[in-house]
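FYI, side chains are in, hydrogens and waters are out, and symmetry mates aren't considered; it's all heavy atoms of this structure.
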Amino acid sequence: MAYIKAKCSSPAFVQVPSWFITDYMPKALGGYIKVYLYLLTLSKEPNENGICLEEVCKKLDMLYSEVLQALKYWNQEKVLTFTENADDDFELVFASEAPSRAAAQKKLPISKTIIQQTRPEYRTDEINYYTQNSPDVTKLFKIAEQYLGRLLTISDQKILFSFYDWLHMPFDLIEFLIEYCTSNNHRAMHYIEKVAISWVDEGIMTVEQAKAKTVSDKRYFQILSALGTSKSTLTPAEKKCMSKWLDTYQFHLDIILEACRKTVMQTNKPSLNYVDSILTSWFNEKVKTLDDIKALDKVHESKKLLSESSSKVPLSSVPNKVSKFNNMYSHDWDFDEIEKLERAYIERKLNGGN
C-alpha cells in the first residue's frame, strides 16, 4: 500500500484558498481539481498511517498514475509540495499562500510512477490540454505526422503521449523510435507501441542505447535473411543463439553469413541449429577469416578423396584365392603419416603459410 503523510496546520475544516479558485482552478483539468479538493479534505483529518492512495483512486474512480500525475501537476504549479521519499512513501504539504507565478515551471514533470501492465486510458480533454500548453508534446505530434505522412488521430496522440507519461521515455528517444520504425516501413501506431514497450523492457532509455540496439538488431535480421527468413521480431532463443556467435565466438558477420550460405546449400530446411553446428566447428578449429574456411574446405575435400580412393579397390584385381602363383592388388598407405601431414597443412594455413 502507498501512503501519504499529510502536514497541515489549518483547523479541521475544509477551506479552499480563494487564489486557488480564481487563478488555478479555471485552467486545470477536472480530474486534477478533483484530486486536489479530495486530498485537501482528507488532510484535515489525517490518520496515523496517512492517506492511502489506493483508496483515493477507488473513491475518485481514477487510475493510480492519474492521481500521481495530478499531484505532480499541482507540485509544478507550486499549489502544494509533493515529495517522493521512497517507494510508496510520499509527503504532501498544501500551500497556505498563493505561490509566485514567476516561480511556476513551464515544462511538464517527468513522471516516475510505477509502469502498469496496460496503457492508461487518457481522456481527450487531457490530450488537448497538453497539446495547448506543452511545446514538447506539440512538437512531438508534428514530428510524428511528418514521419508517418498523415495527420494523427486522437487515438494516435494518446498512444504517443503514453510513451512519455506511461513508459517515461524522453522526447528525443520517442522521436528516434518513430524515425526508426518508419524507416523500416512500419507506420502502424500499435507496431510502434510494441517496439517502445520492448525497448523499455530491455532498459533502453536513451537515444545512444537505442542506436546500439538497432545496429545489433540489423545484424540479427541480416543473418535471418541469409537463411531465407523474413520476420520483424526476434524470439529470445534466436537472439541468444546469434549473440553467442557475435559476442562469445566473436565472429565477424561475413563468417556467419558464409555459414548461412553453406547451410542453405546443404539442407532443405535451413535452421539456426545447423548454422550453429558449423560455427561451433569453426570456432574449435580457430577460424578467423574466410581464407581459413577455404583452407579447411581443402583439407576436408582431401580427406574425402582419400577415403573414396581407399575404399574403391577394383574387384578384378582381387583374386578369388590367394596363393604363391598370384599377387593381390593393394595400397601401401601409412595413415598415421597422412594424418600428421594434414595437421601440419592446417596449422600452416591458419598461421598464414602456404
Side-chain angles (χ1 to χ4, degrees), residues 27-35 57 61-70 72-73 76 105-211 213-214 217-218 221 230-234:
K27 68 171 186 175
L29 296 175
Y32 291 178
I33 298 171
K34 185 164 63 172
V35 170
C57 295
D61 191 25
M62 296 176 68
L63 294 171
Y64 185 84
S65 62
E66 290 178 321
V67 173
L68 283 179
Q69 190 66 31
K72 292 184 178 185
Y73 169 78
Q76 169 196 340
Q105 299 179 2
K106 295 301 181 182
K107 288 190 175 181
L108 292 174
I110 297 178
S111 177
K112 296 181 182 177
T113 61
I114 299 172
I115 296 180
Q116 305 175 87
Q117 294 298 318
T118 56
R119 170 166 40 88
E121 289 295 331
Y122 301 102
R123 295 187 299 275
T124 302
D125 58 345
E126 288 181 294
I127 301 300
N128 290 338
Y129 172 81
Y130 284 111
T131 303
Q132 296 170 6
N133 294 276
S134 171
D136 290 329
V137 173
T138 303
K139 178 184 175 183
L140 174 64
F141 289 169
K142 288 182 178 179
I143 291 175
E145 289 178 339
Q146 291 174 359
Y147 279 115
L148 296 174
R150 59 178 174 80
L151 295 176
L152 296 177
T153 64
I154 188 62
S155 177
D156 294 334
Q157 293 178 346
K158 290 178 180 179
I159 293 175
L160 284 175
F161 181 73
S162 75
F163 297 165
Y164 166 78
D165 176 66
W166 172 46
L167 299 180
H168 319 317
M169 297 175 71
F171 284 112
D172 60 343
L173 180 59
I174 300 173
E175 292 175 15
F176 179 78
L177 166 70
I178 299 170
E179 178 186 358
Y180 168 72
C181 291
T182 54
S183 66
N184 288 283
N185 296 320
H186 295 294
R187 289 178 168 79
M189 191 58 66
H190 287 289
Y191 176 89
I192 298 175
E193 181 183 33
K194 185 186 297 184
V195 175
I197 293 173
S198 70
W199 284 7
V200 172
D201 286 342
E202 295 180 36
I204 296 172
M205 296 302 291
T206 66
V207 174
E208 289 72 21
Q209 292 174 327
K211 287 182 177 179
K213 174 181 171 53
T214 55
D217 284 355
K218 185 177 181 179
F221 290 123
S230 177
K231 55 192 306 185
S232 58
T233 56
L234 296 170

### Task
Look up atom CG in Asp61 and atom SG in Cys57, then write down how far apart they are to the nearest 0.5 Å.
10.0 Å

### Pairwise distance CZ(Phe141) to OG1(Thr131) - rounded to 0.5 angstrom
4.5 Å

### CD-CE distance between Gln157 and Met189, expressed to the nearest 0.5 angstrom
9.5 Å

### Message
Do Met205 and Trp199 have side chains that approach each other closer than 4.5 Å (heavy atoms only, starting at C-beta)?
### Response
no

### Query
Parallel, tilted or perpendicular for Phe176 and Tyr180, by the 30°/60° rule?
parallel

### Query
Do you know which two heavy atoms are closest between Leu148 and Arg187, and how far apart they sit?
CD2-O, 3.5 Å

### Query
Within a radius of less than 6.0 Å around NZ of Lys194, do more than 12 heavy atoms belonging to other residues, nucleotides or ligands occur?
no

### Message
What I'd like to find out is whether the side chain of Glu175 reaches to under 4.5 Å of the side chain of Tyr147, using heavy atoms alone.
### Response
no

#### Entry: Shortest non-hydrogen contact from Arg119 toward Ile159
CZ-CG1, 3.7 Å

### Query
Do you know which two heavy atoms are closest between Glu193 and Phe163, and how far apart they sit?
CA-CZ, 3.5 Å

### Summary
Value for CD1 (Ile197) from CE (Met169), rounded to nearest 0.5 Å, stands at 10.0 Å

### Message
For a quick test of reading the model, state the closest non-hydrogen atom pair linking Ile178 to Ala144 and the distance between them.
### Response
CD1-CB, 3.8 Å

### Query
Phe171 vs Tyr164 aromatic rings, parallel, tilted or perpendicular, using cut-offs 30° and 60°?
parallel

### Nearest non-hydrogen partners of Leu140 and Leu160, listed with the distance
CD2-O, 4.3 Å

### No-hydrogen, no-angle side-chain donor-acceptor test under 3.5 Å, Tyr122 and Asp165
yes

### Query
Distance from Asn184 atom CG to Phe221 atom CZ, nearest 0.5 Å?
8.5 Å

### Message
Around atom CG of Asp201, are there more than 12 heavy atoms from other residues, nucleotides or ligands closer than 6.0 Å?
### Response
yes

### Query
If you measure from CG on Leu152 to CZ on Phe161, what distance do you get to the nearest 0.5 Å?
14.0 Å

### Message
Show the nearest heavy-atom pair for residues Asp156 and Leu151, with the distance to one decimal.
### Response
OD2-O, 4.4 Å

#### Entry: Note, Lys158 side chain near Thr124 side chain (heavy atom, < 4.5 Å)
yes

### Pair Asp217, Thr214: side-chain N/O donor-acceptor within cut-off below 3.5 Å
no

